[in-house]
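This report refers to the structure that appears directly beneath it.
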Amino acid sequence: MEVISMMMRMFAVPLLLLLSLSPALAEQPKILFIETLEVPADADQLQKLVVERFNTAVTELKIAKKQYESGIVAIEDLIDPATRVRDSSLELTDDPQEKIANLKCFLEFAQYSEKIALSKFESGTAPPGAFEAAKYLRLDTEILLLRLQRQTEKSK
């Protein structure tokens with residue numbers, strides 16, 4: 001009986017946290033629904049590796065997302081795989097506008113993570129370090145985006 005009670009509490013906490021989030025926080029960013037890419041038939045070895053690395057990061061993110069939705073891991077556990085998706089997506093193209101679009105998409109995730117981490121910290125269900133990690137991710141992404149935008153404007 002005690003085991004069942006403990007299991008119910010384990011599953012109730014993530015569910016209560018999800019229910020306590022505002023509707024804006026409950027909407028998940030697009031990057032969490034990203035799909036793998038086909039390797040172009042005419043791709044050279046480097047292109048194949050870049051696409052394979054991106055696809056590996058996407059698959060890792062999908063696994064982490066399922067674990068997050070099941071309450072197995074916290075939002076902070078999505079940060080590393082999502083960062084790998086961000087970084088590897090930047091190498092898929094040489095087009096600065098596509099890179100900017102990729103960073104904007106990732107920034108949406110970083111802001112989402114930061115809001116959830118702050119909410120959890122304020123409610124006492126997460127340590128301060130979790131919020132700081134999410135904040136760092138958002139700041140890092142904003143810096144990358146701003147640098148790329150400035151670089152793109154200078155080259156015009």
Side-chain angles (χ1 to χ4, degrees), residues 11 13-41 43-44 46-123 125-153 155:
F11 290 110
V13 171
L15 181 59
L16 289 174
L17 286 174
L18 277 176
L19 294 174
S20 69
L21 298 175
S22 70
L25 292 178
E27 295 176 20
Q28 295 185 348
K30 290 177 267 200
I31 196 170
L32 294 177
F33 300 95
I34 197 164
E35 294 296 326
T36 57
L37 301 174
E38 291 289 324
V39 178
D44 64 19
L46 178 60
Q47 291 170 319
K48 288 177 185 176
L49 290 171
V50 168
V51 172
E52 184 178 358
R53 178 179 62 182
F54 172 79
N55 287 344
T56 300
V58 168
T59 301
E60 181 187 16
L61 180 59
K62 286 180 176 290
I63 292 167
K65 179 182 180 243
K66 284 180 184 174
Q67 292 176 327
Y68 169 68
E69 289 171 341
S70 299
I72 297 170
V73 300
I75 188 71
E76 300 83 44
D77 296 307
L78 293 175
I79 290 175
D80 285 341
T83 302
R84 284 189 275 282
V85 170
R86 176 194 73 183
D87 295 346
S88 61
S89 76
L90 294 176
E91 294 203 32
L92 291 172
T93 180
D94 292 326
D95 182 353
Q97 294 307 320
E98 286 182 32
K99 288 181 180 197
I100 288 171
N102 289 347
L103 283 173
K104 285 181 178 178
C105 180
F106 187 80
L107 181 58
E108 177 188 12
F109 168 77
Q111 292 165 334
Y112 167 83
S113 299
E114 184 178 17
K115 287 177 186 175
I116 290 177
L118 178 60
S119 175
K120 288 172 63 178
F121 170 67
E122 289 175 341
S123 70
T125 59
F131 169 67
E132 295 302 326
K135 182 177 179 181
Y136 179 91
L137 176 69
R138 190 235 339 135
L139 292 168
D140 188 48
T141 303
E142 284 186 21
I143 290 167
L144 287 171
L145 179 58
L146 187 56
R147 284 182 177 156
L148 185 57
Q149 287 171 328
R150 286 182 178 176
Q151 180 183 4
T152 302
E153 288 171 9
S155 66

Legend entry - CA sep, side-chain torsions, deciding dist, call: Tyr68, Ile116, side-chain contact (heavy atoms from CB on, under 4.5 Å): CA-CA 12 Å; Tyr68 169 68; Ile116 290 177; 3.5 Å; yes
Legend entry - Residue that, paired with Arg86, satisfies side-chain contact (heavy atoms from CB on, under 4.5 Å) out of Leu107, Leu103, Asn102: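 Only one option passes, and that is Leu103.
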Can you find a pair of side-chain heavy atoms, one from [X] and one from [Y], that are under 4.5 Å apart?
| X | Y | answer |
| --- | --- | --- |
| Lys120 | Glu76 | yes |
| Gln47 | Val39 | no |
| Lys99 | Thr93 | yes |
| Phe109 | Val85 | no |

What's the separation between atom [atom1] in [X] and atom [atom2] in [Y], rounded to the nearest 0.5 Å?
| X | Y | atom1 | atom2 | value |
| --- | --- | --- | --- | --- |
| Leu32 | Lys30 | CG | NZ | 11.5 Å |
| Asp77 | Ile72 | CG | CD1 | 10.5 Å |
| Asp87 | Phe54 | CG | CZ | 11.5 Å |
| Glu132 | Leu118 | CD | CG | 10.0 Å |
| Leu144 | Leu148 | CG | CG | 8.5 Å |
| Ile31 | Lys65 | CD1 | NZ | 12.0 Å |

Legend entry - Ion pair check, Lys104 and Glu108, cut-off under 4.0 Å: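 Answer for the salt bridge query: no.
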Inset, instruction - Report yes or no: does Lys62 contribute a side-chain atom to a donor-acceptor pair with the main-chain N or O of Ile34 at less than 3.5 Å? - result: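 Checked: pair present.
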Legend entry - Side-chain donor/acceptor of Glu122 to backbone N/O of Ser119, under 3.5 Å: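 Looks like no, no N/O pair under 3.5 Å.
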Inset, instruction - Start with the C-alpha gap between Phe106 and Leu145, add the side-chain angles, then the distance that decides, and say whether side-chain contact (heavy atoms from CB on, under 4.5 Å) holds. - result: CA-CA 10 Å; Phe106 187 80; Leu145 179 58; over 6 Å; no
Inset, instruction - Quick one: do Ile63 and Glu60 satisfy side-chain contact (heavy atoms from CB on, under 4.5 Å)? Show the steps, please. - result: CA-CA 5 Å; Ile63 292 167; Glu60 181 187 16; 5.7 Å; no
Inset, instruction - Search all heavy atoms of Thr125 against all heavy atoms of Ser123 and return the closest pair with its distance. - result: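 What the structure gives for the nearest pair is OG1-OG, 3.1 Å.
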Inset, instruction - Considering non-hydrogen atoms only, spot the tightest contact between Ala130 and Ala117 and give its length. - result: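 Nearest pair, atom of Ala130 first, then Ala117: O-CB, 3.9 Å.
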Legend entry - More than 12 heavy atoms from other groups under 6.0 Å of CG on Asp94: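 It does not: Asp94 CG has 12 such atoms or fewer within range.
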Inset, instruction - Would you sort out whether Leu137 and Glu114 count as a side-chain contact (heavy atoms from CB on, under 4.5 Å), showing the intermediate values? - result: CA-CA 8 Å; Leu137 176 69; Glu114 184 178 17; over 6 Å; no
